[in-house]
2 protein chains.
Amino acid sequence: MLNQSEPLDRVFHALADPTRRALLERLSLGSTSVSELARPLPMSLPAVLQHIQVLETAGLVRSAKVGRTRSCALQAEALRQADGWIQARRREWEARLDRLGDYLETLNGGNSDGQSE
Amino acid sequence: MLNQSEPLDRVFHALADPTRRALLERLSLGSTSVSELARPLPMSLPAVLQHIQVLETAGLVRSAKVGRTRSCALQAEALRQADGWIQARRREWEARLDRLGDYLETLNGGNSDGQSE
DNA sequence: GGATTGGTTAAGCATCTGCCTAACTATCCG
DNA sequence: CGGATAGTTAGGCAGATGCTTAACCAATCC
C-alpha cells in the first residue's frame, strides 16, 4: 500500500509493531508521560515519539500537553473497530469450519463447489 | 522493526493491508483458488501470490496444491491470537476507563500518581 | 505433441518504516 | 538569570514492502 488511508489499516499497522504494543500495554496500566514511556525501551526518545504519533494517528492513544510534559492515555474506540473486524471474520469462518466439508473440499481441489450456500 | 519475528507481529502486519483483508473476507465465504482470488483485484497475479504468502506465513491461511491449482483456505488459529491480545487490552483499559479518575488524571498531567493499584 | 491455463520465480523499482544524531524550543528549578 | 528537564523538529540512512514485467514450469485440453 502506498499510504494507509483507511482506519483499519492504520490500527492494524500500529498494532503490528512490538514496541507499540508494549506502549499500549504500559498505558493500559495508566496514563503517563512520554519520557516515562520511553524509559524501559532500548531506543531514543524521538523514536518513541514517532511510535506514539503512529498510535495517536491510529486513534489508539490520545495525548495532551500539560506544562512541559505530554501525558498519553489510551483510547478504546479504535480497538473496538479492529476487534469488530476480527469478530466478524471469526464468526463467519468458524461457523464454516464447523461444517466438516470445507477441509475435505480444500484437500480435494477447493473451489469446485466451494460456496455451497 | 527489522524483521517481524513474533507471531503477533506477523498477524497484525498481515491484517494491516486492505488487499489482504479482502482476501480473508473472500476466503471466509469458502476455500478457493489463487486465480479466483486474484480475479476481482486490480493487480497482477504475482502480487496476489505475495499477499497470500504473507497471510500464510502469518498462519491466517493454509494452502495446498491439487493438480495445477492451489487451493487456499482460512485458518482460524492465528486470528484467535490477535483476538486474544486485543481482548486482554480491552479488558484492562476499559475497566480502567470506568474508574472516572483516569480521564481527569490525564487532563491534569498524567503520571502524577497514575497507577493507583 | 503443442497450445492453453494456472501458478511460480526472479529482478527491479518507488516508496515507506524505524531508527539515529544533532539542533532547537519550552518549561521549571534555585 | 542560568542550568536542567521534557519534548520536538529535521535530516539522513539501511532495510522492508508492494508492486511490476518477463521468463519459466507444470498440468490439461484437443
Side-chain angles (χ1 to χ4, degrees), chain A residues 1-6 9-24 31-58 61-73 106 108-112 114, chain B residues 1-6 9-24 31-58 61-73 106 108-112 114:
Chain A
M1 278 305 98
L2 292 178
N3 61 350
Q4 35 238 78
S5 44
E6 292 191 56
D9 291 23
R10 287 194 293 264
V11 174
F12 283 128
H13 169 69
L15 295 177
D17 184 285
T19 299
R20 289 193 286 264
R21 287 199 308 278
L23 289 174
L24 292 177
S31 304
T32 192
S33 68
V34 171
S35 50
E36 186 76 25
L37 284 170
R39 178 147 42 216
L41 298 174
M43 66 183 67
S44 69
L45 228 190
V48 175
L49 227 316
Q50 286 174 347
H51 281 300
I52 292 173
Q53 279 159 6
V54 169
L55 291 170
E56 208 160 356
T57 304
V61 159
R62 118 186 81 85
S63 77
K65 202 151 179 184
V66 182
R68 67 182 162 175
T69 79
R70 174 172 296 278
S71 179
C72 305
T106 300
N108 272 342
N111 67 341
S112 49
Chain B
M1 282 302 98
L2 290 177
N3 61 349
Q4 37 238 78
S5 44
E6 294 190 56
D9 291 24
R10 287 194 294 264
V11 175
F12 282 129
H13 169 69
L15 294 177
D17 184 285
T19 299
R20 289 194 286 265
R21 287 200 307 280
L23 288 174
L24 292 177
S31 304
T32 191
S33 69
V34 172
S35 50
E36 185 76 25
L37 285 169
R39 178 148 42 218
L41 299 174
M43 66 183 68
S44 69
L45 227 190
V48 175
L49 228 313
Q50 286 174 348
H51 282 300
I52 292 173
Q53 279 159 6
V54 169
L55 291 169
E56 208 160 355
T57 304
V61 159
R62 118 187 80 85
S63 77
K65 203 151 178 183
V66 183
R68 68 181 161 176
T69 78
R70 174 172 296 278
S71 178
C72 305
T106 300
N108 272 341
N111 68 341
S112 49

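Letters A, B, ... are given to chains in the order of the sequence lines, protein chains preceding strands, and every chain is numbered from 1. The basis for the numbers below is simple: all heavy atoms, side chains too, and nothing from hydrogens, waters or symmetry mates.
- Of all non-hydrogen atoms in B:Arg21 and B:Leu15, the two that sit nearest each other are NH1-O, 2.8 Å.
- Here C:dT8 presents its P atom at 8 Å from CD of B:Gln53, a figure rounded to the nearest Å.
- One atom, CG of A:Leu41, and another, P of C:dC19, lie 9 Å apart when rounded to the nearest Å.
- Taking atom CG of B:Asp17 as the reference point, atom P of D:dG18 lies 6 Å away to the nearest angstrom.
- Atom pair B:Leu49:CG and D:dT17:C1' shows a separation of 16 Å (rounding to whole Å applied).
- Of all non-hydrogen atoms in A:Met43 and A:Thr19, the two that sit nearest each other are CE-OG1, 3.5 Å.
- Put simply, CG on A:Leu37 is 13 Å from C1' on D:dA6, counting in whole angstrom units.
- B:Glu36 places its CD atom 10 Å from the P atom of C:dG7, with the value rounded to the nearest Å.
- Residues A:Lys65 and B:Val34 both approach DNA chain C. Their nearest nucleotides, taken by heavy-atom distance, put B:Val34 toward the 5′ side.
- Remark: A:Val34 pairs with A:Leu45, A:Leu49, A:Ile52, A:Arg70, A:Cys72 by the side chain to side chain contact (heavy atoms under 4.5 Å, CB included) rule, at least two apart or across chains.
- Across the protein-nucleic acid pair, A:His51 atom NE2 and C:dG18 atom C1' stand 6 Å apart, rounded to whole Å.
- Distances were taken from every side-chain heavy atom of A:Gln50 (C-beta onward) to each of C:dC19, C:dT21, D:dG7; the shortest belongs to C:dC19.
- Taking side-chain N and O atoms only, A:Ser35 has a distance below 4.0 Å to OP1 or OP2 of D:dG7.
- Taking 3.5 Å as the limit, the base of D:dA6 and the side chain of A:Arg68 contain no donor-acceptor pair of atoms between them.
- Between A:Ser63 and A:Glu56, the shortest heavy-atom contact is OG-OE2, 2.9 Å.
- D:dT20 atom C1' lies 11 Å from atom CE of B:Met43, rounded to whole Å.
- Across all strands, A:Ala47 comes closer than 4.0 Å only to sugar-phosphate atoms, never to a base (heavy-atom distances).
- Looking at B:Glu6, its side chain never comes within 3.5 Å of a backbone N or O of A:Pro18 through a donor-acceptor pair.
- Looking at heavy-atom distances under 4.0 Å, B:Ser44 makes contact with a base.
- Distances shorter than 4.0 Å separate none of the side-chain N or O atoms of B:Arg70 from OP1 or OP2 on C:dG6.
- Considering only the side chain of A:Pro46, C:dA22 comes nearest among D:dG18, C:dA22, D:dA22.
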